[in-house]
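Here the structure comes first, spelled out in structure tokens, and everything after it is commentary.
Starting from 1, each residue takes its place in the sequence as its number. All of these numbers come straight from a predicted model, not from anything done at the bench.
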Amino acid sequence: MKTLLKGFVADGINEPSRMAVLVENDRIIAVEKELYGSCVADKIYSFKDEIIAPGFIDVHGHSDISILACPGAESKRRQGVTCEITGNCGLSPFPLTGKNREHLEHLYANYGIPLTWENFPEYKQTLADKKVNLRTFSLCGHNTLRAAVAAYDTQELSPKQKLEMAVLLEKNLAAGAKGLSTGLLYTPGCFADADEITDLMRILAKYNAVYATHLRSEGDHLVESLQETLDAALASGLTKLQISHLKTAGKDNWHKLDEVLELINQYRNEGIDIRFDRYPYVESQTMLSVILPPPFDTMPDRDITIALQDEAAREKVRNSLKNRPESDWSRWRLTGTNHPEWRKFIGKKYTEIPGNKVEAVIEQLTFDATTATIGAAGMSENNMLKIINHPLCMPGTDGNALPESTCFGTAHPRAFGAVAKLIRLKLDSGCSIGQAVKCVSSSPADFFNLENIGTLQTGKKADITVFSPDDIDSDADFIDPHRFAKGITMTMLDGIAEFY
């Protein structure tokens, strides 16, 4: 089966020019100025003003389990994404042992997918058997890895546990995992010291694999957290470092961006290939439990729900939240909960929700903390634009592959629109079409050593996105977050086309 695509081709390297791309089965077999389609192709698609580009790559996604429940991956494909890097922020669905399996089964219970595997090869085979409509490459999550050897409440690892963790990581890398991610804000990653991370980085350096990190702090201690990571990377010989969803959270920290970028440039000069990803929104989303006081701030979410069955524990949380300034409540937004009485307020700020705000939080966490999420305003629009227009920035949705319905919960609008919106903002800021395409295709493919995708060249996989540079955008918001992106005409994965 041969398919010919004719139009303006932005191949991930050059600016667009009138070309033709010939695909046979799942491979590109020619990219030329003139290809006489009637002679060589079974199907011909001619595009007038649209751009024929490599399929977009989402370098920071969380579709590890959602893609099994939603194999069509509509939220990703409809914004031009044909490939995702999963296993971010320290959370991956492997390796599974008796110490972490029950926790992860509970965490992912909403998707109704049994976790039948133990390791990365078995998980990868599950994806293949499901025939998911998205090319995925996995990072091994440090939180999952650490819990596989020491569960979720162990703060200091023994030498034996550190060795077991190192062995598990190396097995996953040898089996094809693309690197290691950390979520140092979350349990049990928050217990890891710099030495623990440095030792794991040394293993990554052997494989030229990526270390992707959700820093310990993205606000008040942003610079210190970044410095810790950079020093560890230099000491370990790490060659590839990705700062997850780079941001300066909180108005008092907005001025730190120039210092952060200068630090990154300084350590790049030491030989470390440092990149960062970003979604084009100024409201984040994370677990509601991050606003809790000690000892709840270091508990797994499932344990928080159990602990809050006790009235004394609820009173401790109540007293802490009562002292939160009104400015916090006005920037916090309920973005997810399974509590039947509160689901109708998803998308609303807590100041817009009737009743007692403190009791609302306690009820949501007591019902099920693993599904309770919060959006938080506090990022700078100017800093966001500076980050996404930086040549080291790559696109990240920080979201799951989901259907248009909310049957698996309600997403942050970035899950449906981040990559399309990022391209829109880059083009509106004066970026050329070729450079915008490179940002979402060949640049991430090069960083993650994805040899068969990322450019439109002979021999590459036929992963292609066709989009309108005038129309590409997203108007998904917190009230209607499952709104598909605009301006995507077609995506092709392994030579199979879908039109929108």
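Not a single donor-acceptor pair under 3.5 Å links the side chain of E270 to the backbone N or O of Q266. One N or O on the side chain of R101 and one on the backbone of L115 form a donor-acceptor pair closer than 3.5 Å.
For F276 and H245, the ring centers are positioned 6.0 Å apart or more.
A perpendicular orientation is assigned to the rings of Y186 and H214, their planes being inclined by more than 60° (bins at 30° and 60°). H412 and Y281 have perpendicular rings, their planes meeting at more than 60° on a 0 to 90° scale where under 30° would count as parallel. Using a 30° and 60° split on the angle between ring planes, H62 and H60 fall in the perpendicular class, above 60°. Ring-plane geometry between F499 and F47 is classed as parallel, the angle between the planes falling under 30 degrees on a 0 to 90 degree scale with a further cut at 60.
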### Query
Where do F447 and V210 land on the side-chain contact (heavy atoms from CB on, under 4.5 Å) test, with the steps shown first?
CA-CA 8 Å; F447 184 67; V210 172; 3.8 Å; yes
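For the pair R18 and F8, the cation-pi criterion (under 6.0 Å, within 45° of the ring axis) is fulfilled. R333 forms a cation-pi arrangement with F478, by the criterion of a distance under 6.0 Å to the ring centre and an angle within 45° of the ring axis.
Note that the CD atom of E404 and the SG atom of C70 stand 11.0 Å from one another [nearest 0.5 Å].
Within the structure, the salt bridge (Lys or Arg N to Asp or Glu O under 4.0 Å) test picks out no pair touching residues 171-188 (sequence neighbours left out).
Looking at Q242 and F448, their side chains come closer than 4.5 Å, going by heavy atoms from C-beta outward.
Salt bridge annotation for D471-R424: absent, with no cationic side-chain nitrogen under 4.0 angstrom from a carboxylate oxygen. The pair D446-R275 meets the salt-bridge criterion, with a side-chain N (NZ, NE, NH1 or NH2) lying under 4.0 Å from an Asp/Glu carboxylate O.
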